[in-house]
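Here is the naming used below: chain letters follow the sequence lines, and residue numbers restart at 1 for every chain.
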Amino acid sequence: MSSHELKTGPLEYRTQQGQMNILGFWIFLGAEIVLFSTLFATYAVLFGRTADAPLPGELFEPGSVLIMTFLLLTSSFTCGIAIHEMRRGSKKGLITWMIITLALGLGFIGLEIEEFIHYAHEGATLQSSAYWSGFFILAGTHGLHVTVGIGWAILLLIQIAKRGLTPVTSRKFFIISLYWHFLDVVWIFLFTSIYLIGMVV
Amino acid sequence: MQLDEFFVTGEPLIYAGMVSIVLVTAAIIFVLTYFKRWGWLWREWLTTVDHKKIGIMYILSALAMLFRGGMDALMMRVQLAFPGMDFLGSQHYNEIFTTHGTVMIIFMAMPFLIGLMNVIVPLQIGARDVAFPALNALSFWSFLFGALLFNISFVIGGSPDAGWTSYTPLAGAAMSPGPGQNFYLMGLQLSGIGTLATGINFMVTIIKMRAPGMKMFQMPIFTWSTLVTAFIIVFAFPILTVALALMTIDRVFGSQFFTLTGEGLPMMWANLFWMWGHPEVYIVILPAFGIFSEVIATFARKQLFGYKAMVWSMILIAGLSFLVWVHHFFTMGAGAFVNSVFSVSTMLIAVPTGVKIFNWLATLYKSKIQFTVANLWALAFIPSFVIGGVTGVMLGMAAADYQFHNSYFLVAHFHYVLIAGTVFACFAGLVYWYPKMFGHKLNERLGKISFWFFLIGFHVCFFPQYFVGLDGMPRRVFSIIPEWMPLNVISTVGAFGMGLGFAIFVYNIYYSYRYSEREKTGDSWDGRTLEWATPTPVPFYNFATVPHVNSHDAFIEMKEKGETTFDEEKVEPIHMPSNTGQPIIMMGIAGIASFGLVFEWMWMAIAGLIGLVVMMGVRSFDYDDGFHVEVDEIKRTERKARGL
Amino acid sequence: MERNKRHIKKWLAMLPLSLVLLLSGCSQLTVLDPKGPVAESQKDLIMYSIWFMLVIVVVVFALFTYMVIKYRDRPGRGDKDYNPHLHGNTMIEVIWTVIPILIVTALSVPTVQTLFDLEKPPESTASATAAKEPLVIHATSADWKWFFSYPEQNIETVNYLHIPTDRPIEFKIASADSMSSLWIPALGGQKYGMAGMQNTLYLQADEQGVYDGRNANFTGEGFAAQTFEVYAESSEEFSNWVEQAQNSPELTQDQYNKLLKPGLTDRKTFSSTHLQWVNHGTMAGMDYAIELHGEAYEKELHLKSGDIEIDATDEE
Amino acid sequence: MAEHNKRIPVQHIVGFVLSLVLTLLAAWAALRSDLSTFWIITSIMILAVIQAGIQLFMFMHMTESESHNGHVPWNMMFHGFVLAAIVVAGSLFTMSFGHDHDPQHNGGHEQHQQQEEHSGGH
């Protein structure tokens with residue numbers, strides 16, 4: 001609970017509380033890795049258990065999946081730029097790049113929902129087989145994380161508009177940037193192990 | 001849903017339970033209203049973020065849960081001693097062993113230890129609170145509402161009845177329809193979230209908030225055990241979260257993870273459950289090791305032997321704990337190779353554990369042992385735990401495990417490690433730190449009587465179970481063949497001995513509250529670590545001035561140098577967090593959402609979920625930065641506390 | 001205070017002693033009184049490990065007793081033999097790290113060996129004749145009963161089985177619904193039965209007799225009653241029994257479906273097996289029972305202890 | 001320190017380009033190359049790990065010293081990934097390796113074989 005404040009360095013690291021919140025979030029991300037890996041493990045073990053539902057290779061379309069991947073990769077990049085702007089002391093830059101990030105995220109979510117609806121029409125739903133349960137819950141959990149991230153970032157944008165760049169607001173933005181990049185990391189593995197492998201095997 | 005489906009009907013024992021719940025609730029409401037204590041309760045306890053108060057609430061809840069789980073145990077023992085009496089029917093017996101296991105592990109052992117961590121760890125490292133005090137309160141309320149949700153099941157909706165392991169497909173929607181199993185899933189889910197938050201909280205606290213000068217390898221051993229435990233929690237609990245979520249989705253939304261239809265794989269549940277479950281065992285045993293180390297070192301009046309080896313063995317145990325989960329289902333038929341791998345990794349855990357046992361023994365070498373009650377619990381742990389440990393190695397030998405598995409041999413083993421390890425540690429820790437928490441010691445004479453009843457009762461109860469297990473008695477049966485009767489009767493006698501020991505312990509709390517001498521100094525036992533450097537009762541800011549630490553056993557060094565935690569020259573204003581009602585409200589809403597999901601009332605679940613999201617938003621916009629305690633107030637408080 | 005300490009001593013001295021006494025009486029315990037080569041090898045492994053464990057227990061107890069008595073804080077002891085700053089000793093710590101490693105190694109080797117041996121049919125020990133082909137029996141559990149199908153003999157029994165002695169039995173274990181575990185402690189360790197999967201367990205009886213078998217894995221309300229008896233008899237007697245059984249009525253699918261319904265049932269014998277319609281151990285057969293009786297799992301049996309005993313006396 | 005005030009975030013741009021290239025490479029390997037299934041899976045998993053590293057080091061500032069958090073973030077990520085490997089590989093090892101999932105088809109643990117059978121049915 002020390003209130004000593006450093007005079008230099010990025011704003012988000014200047015108070016001990018700021019450092020601790022960021023550290024706590026890193027630890028939380030460690031837990032998130034395990035959370036997703038459990039879903040990956042379930043998916044992997046249930047691979048092939050499609051029962052009467054269509055096979056993944058029949059439904060996956062490389063085109064839309066690649067677009068989704070590029071949307072998310074780009075949003076991760078723009079989110080990085082937003083933090084770069086924040087560290088340069090530019091509130092406007094931060095807000096602008098963050099809004100771009102969210103727009104890309106929304107695009108990703110839109111495509112994912114469309115994809116899920118398409119699969120459901122083809123007869124692959126949460127209920128249709130163990131494999132598809134694994135697929136929808138794994139991809140869905142990631143999608144839910146992205147959605148939560150968008151809502152969270154909107155709250156933070158309101159706060160920064162009101163309060164400007166302070167150790168507290170910049171800490172909050174730094175943390176959500178960690179979250180956003182992390183979702184990109186998860187997506188890379190999702191893209192690789194669900195879609196690419198699903199289309200190969 | 002009809003009202004008679006909502007309430008459990010037809011069991012006299014459960015009617016009695018309902019009546020007592022109503023009476024106790026009415027009594028509490030009456031007392032609070034009559035003495036006009038509602039405001040006090042809200043300000044001092046329900047909204048508190050003080051780690052000491054949160055710890056005390058954890059411990060009190062855990063004691064209540066110990067009572068509940070203990071009653072379950074006694075009922076089971078009565079049934080097994082007199083199966084002909086038809087005391088419990090099969091269904092009722094199944095519900096009771098399910099709730100006994102779940103309550104004892106999730107709602108007793110873990111909260112009890114987390115409670116002790118809460119009270120002690122910040123004091124041991126010279127911190128003024130944990131890293132995230134409001135999150136800490138949130139953890140507690142999530143545990144409490146989870147526990148309430150789980151415990152209410154026996155009067156509303158029906159208890160879960162698929163065992164604390166809840167193996168699918170038995171626990172799935174097809175074979176266990178109704179809210180019972182949902183209570184298990186949601187109760188554990190809700191409290192599990194809090195446990196994960198606690199893990200993160202304590203990791204950050206210990207890493208970032210140690211007193212100046214205190215290096216990692218100078219931390220008190222209980223703090224080390226907490227750090228290692230927090231690490232295990234962070235990496236193990238997400239697995240449980242996912243497993244529970246998947247089964248919930250299976251049951252409520254019809255997915256096919258662990259079902260017999262849609263090519264589901266029921267055994268995957270067992271796999272995920274034990275991937276969490278085995279680390280969980282170490283979550284409840286490592287803090288116990290830490291407590292024993294503190295207690296033994298204090299009452300042996302001697303430095304802990306092999307401090308570094310103790311720390312490294314804990315780290316090693318933590319690592320290995322993630323690599324042995326398959327030994328819980330060697331008999332699933334994964335083949336000789338898989339079983340060999342996990343058999344060897346399981347037995348390897350005996351190595352660091354053995355090192356710890358020998359280090360404790362060596363701590364006693366050339367010491368001056370004082371047989372206080374706390375130390376009796378700690379000393380009794382060593383031989384008792386060794387019996388549990390060696391039989392654990394026997395269970396780890398997969399080929400032999402085919403005969404031990406699912407038998408009372410296994411039941412005896414895990415009670416030997418969990419009671420002699422965790423429960424003894426809870427008692428040792430509570431007795432040891434009791435004066436720090438409540439300002440007076442527990443009566444030693446009553447404490448000793450309760451200790452001997454509990455210890456002898458424990459061995460009488462569980463030692464025969466090894467043999468009845470080798471005679472082929474499986475666990476979880478409510479009816480037995482005549483050959484197993486004599487040993488079961490002996491077991492039951494022992495169980496009542498333990499019950500009596502616990503009752504005396506509880507009476508001792510009341511007796512000591514009335515008659516024990518109040519503590520005058522903060523150093524009740526001539527302690528070695530920083531928690532004893534604070535005055536008793538501990539001021540809410542813990543340390544007026546934080547000492548500089550150069551060694552473990554920091555307080556020994558301070559006493560040698562004549563230092564205290566109140567250096568008038570150096571007092572500065574102290575920044576403290578404000579109380580907040582958000583955690584209890586947030587978790588109350590989460591409790592309502594969970595309750596809705598238990599009964600699959602979607603309107604209620606969705607409304608609760610929206611409320612939860614709104615509360616998170618409120619939290620995000622809350623910029624309350626706490627307050628400062630001024631120098632004058634600190635000086636006044638400290639002078640009064642120290643009688644200066 | 002003083003009396004308590006004496007208690008500790010007395011009690012601690014008695015514990016290992018009682019352990020030895022109890023162990024000597026152990027030969028009556030089912031698991032330690034094996035009736036076949038599989039249980040024999042497991043018993044040998046258990047006894048082998050028990051001796052190690054006993055040594056560890058005795059050493060720790062002796063050290064503990066010594067420390068507690070010698071270094072207790074008694075009046076007039078003063079600072080003799082008291083060294084509060086003794087912080088460790090690398091040499092001795094290495095020793096007590098290495099010894100457990102050696103013990104673990106000594107336990108691992110026979111464990112792994114036995115594990116691999118148990119995956120094969122036991123080699124015939126009692127009879128001098130050459131190794132016989134294992135007798136295949138499909139053991140299928142359903143809530144809360146056991147079906148034993150003999151595909152070669154084309155017979156099926158419910159809740160009991162006959163086996164010839166001196167011949168390996170190859171159990172093909174599966175479950176129609178909840179996960180179960182086939183355990184005949186006198187003949188050897190258990191293995192799970194699961195729907196959609198098939199486990200193989202080799203057992204063998206060397207001695208004739210009637211042995212208790214059961215489901216050891218919790219399956220719900222009727223779990224305690226999910227038991228069966230194993231009749232191990234000479235191969236002639238076994239052949240006679242098979243002949244007799246082959247004269248029993250055939251098992252119809254309708255009848256089988258009724259039997260699958262959750263509940264208790266008494267012994268039955270049929271001259272055909274259910275394997276002709278469904279093998280619950282395959283992916284195709286895993287949802288057979290649940291599709292058939294999905295609703296029936298909700299119903300409670302209201303089973304009391306007395307019900308089970310009546311059931312047992314009904315048999316034979 | 002100086003890096004934070006630079007106008008153009010070189011590190012981010014490099015990271016972004018790299019991640020695009022790696023994604024396309026993985027997609028090519030999976031969809032267009034003639035590699036065997038085993039090598040495809042191996043190579044695209046390696047590419048994914050490299051990409052994850054890019055995010056962690058170049059975007060998330062996992063190791064910057066101004067955080068005053070030392071090696072802890074790195075430590076958590078490292079152990080998180082170790083555990084992920086244990087959970088995924090361990091589950092496959094114990095759930096699929098030795099089991100006879102489908103005795104009639106006699107090849108339960110070889111999943112693609114199973115899959116062919118399924119696709120045959122369609």
Side-chain angles (χ1 to χ4, degrees), chain B residues 83-84 86 89-91 163 167 169-170 174-175 177 260-261 263 266-267 301-303 305-306 309 331-333 336 339-340 343-344 347-348 350-351 354-355 357-358 361 364-370 382-383 386 390 394 397-400 402-403 405-406 467 470-472 474 476-479, chain C residues 29-32 42 45-46 49 53 56-57 60-61 63-64 67 71-73 81-88 93 96-97 100-101 104 107-108 111-112 114-116 118-119 178-179 181 185 189-192 195 199 216-218 220-221 224 283 286-287 290 294 297-298 300 303-305 308:
Chain B
D86 282 343
S90 175
Q91 177 60 27
Y167 273 11
L170 177 62
M175 301 175 72
L260 290 177
T261 48
E263 303 195 343
M267 63 195 271
R301 319 235 56 81
K302 189 165 165 281
Q303 200 174 338
F305 190 89
T331 50
M332 204 177 256
N339 283 356
S340 299
S343 200
V344 173
M347 283 191 270
L348 276 179
V351 176
V355 168
I357 296 278
F358 286 117
L361 288 174
L364 299 177
Y365 177 69
K366 293 201 173 180
S367 68
K368 267 191 199 172
I369 304 169
Q370 295 172 331
I382 296 175
V386 165
V390 293
M394 289 169 68
M397 303 166 68
Y402 296 169
Q403 286 280 33
H405 186 64
N406 270 334
F467 298 93
L470 287 176
D471 204 23
R476 295 172 170 178
V477 286
F478 79 113
S479 171
Chain C
L29 299 173
T30 319
V31 167
L32 302 181
Q42 281 161 333
L45 190 63
I46 291 170
S49 65
M53 297 312 153
I56 296 170
V57 167
V60 173
F61 278 37
L63 274 173
F64 177 77
M67 299 291 179
Y71 298 109
R72 69 190 193 278
D73 186 20
D81 270 347
Y82 175 54
N83 180 4
H85 299 297
L86 186 68
H87 58 83
E93 285 174 63
W96 64 48
T97 314
I101 291 178
V104 166
L107 294 174
S108 296
T111 302
V112 172
T114 315
L115 271 174
F116 278 91
L118 291 180
E119 300 288 308
S178 359
M179 188 191 288
S181 188
Q190 63 198 292
K191 228 171 216 184
Y192 284 171
N199 271 334
N217 198 60
F218 181 62
E221 214 192 339
M283 203 91 104
M286 74 187 282
D287 59 357
I290 214 90
Y297 290 92
E298 296 182 39
E300 280 185 27
L303 203 61
K304 297 272 185 189
S305 185
I308 293 176

Who among [options] has the most heavy-atom pairs with chain B under 4.5 Å?
options                     : value
C:Ile56, C:Leu63, C:Val60   : C:Val60
C:Tyr297, C:Trp96, C:Phe116 : C:Trp96
C:Val31, C:Leu107, C:Val112 : C:Val31

- prompt: Does C:Thr114 have any side-chain hydrogen bond (donor to acceptor under 3.5 Å, both in side chains) partners at least two apart in sequence or in another chain, and if so, which?
  reply: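 Testing C:Thr114 for side-chain hydrogen bond (donor to acceptor under 3.5 Å, both in side chains), a comparison that skips the adjacent residues, returns none.
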query: Contact part of C:Glu221 toward chain B, heavy-atom cut-off under 4.5 Å: side chain, backbone, both or neither?
result: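 Its backbone and side chain both get close to chain B.
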C:Ile290, part contacting chain B, at a heavy-atom distance under 4.5 Å: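 For C:Ile290, the contact with chain B is made by the side chain alone.
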For [X], is it the side chain, the backbone, both or neither that has a heavy atom under 4.5 Å from a heavy atom of chain C?
X        : result
B:Ser367 : both
B:Phe358 : both
B:Ile382 : side chain

Please report the shortest heavy-atom distance between [X] and [Y], naming the atom on each side.
X        : Y        : value
C:Met286 : B:Glu263 : SD-CA, 4.2 Å
C:Glu93  : B:Phe305 : OE2-CE2, 3.9 Å
C:Ser178 : B:Met175 : OG-CE, 3.2 Å
C:Leu118 : C:Gln42  : CD1-NE2, 3.5 Å

- prompt: Would C:Phe64 and B:Val386 count as a side-chain contact (heavy atoms from CB on, under 4.5 Å) if you check the C-alpha gap in whole Å, the side-chain angles of each, and the deciding distance to 0.1 Å?
  reply: CA-CA 11 Å; C:Phe64 177 77; B:Val386 165; over 6 Å; no
Which one of [options] has the most heavy-atom pairs closer than 4.5 Å to chain C?
options                                : result
B:Ala350, B:Gly354, B:Pro177           : B:Pro177
B:Ile357, B:Leu364, B:Asp471, B:Val477 : B:Asp471
B:Lys368, B:Arg476, B:His405, B:Lys302 : B:Lys368
B:Ser343, B:Pro266, B:Ala309, B:Ser340 : B:Ser340
B:Ala399, B:Ala400, B:Ala398, B:Pro474 : B:Ala399

- prompt: Residues two or more places apart in sequence or in another chain: which of them pass side chain to side chain contact (heavy atoms under 4.5 Å, CB included) with B:Asn406?
  reply: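 For B:Asn406 the side chain to side chain contact (heavy atoms under 4.5 Å, CB included) partners, ignoring immediate neighbours, are B:Arg475, C:Ser181, C:Gln190, C:Tyr192, C:Ala216, C:Asn217.
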- request: Might you confirm whether atom OH of B:Tyr365 has over 12 heavy atoms from other residues, nucleotides or ligands at distances under 6.0 Å?
  value: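 At most 12 heavy atoms, drawn from other residues, nucleotides or ligands, come within 6.0 Å of this atom.
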task: Evaluate the criterion side-chain contact (heavy atoms from CB on, under 4.5 Å) for residue pair B:Tyr402 and C:Leu115; output intermediate values, then yes/no.
output: CA-CA 10 Å; B:Tyr402 296 169; C:Leu115 271 174; 3.3 Å; yes
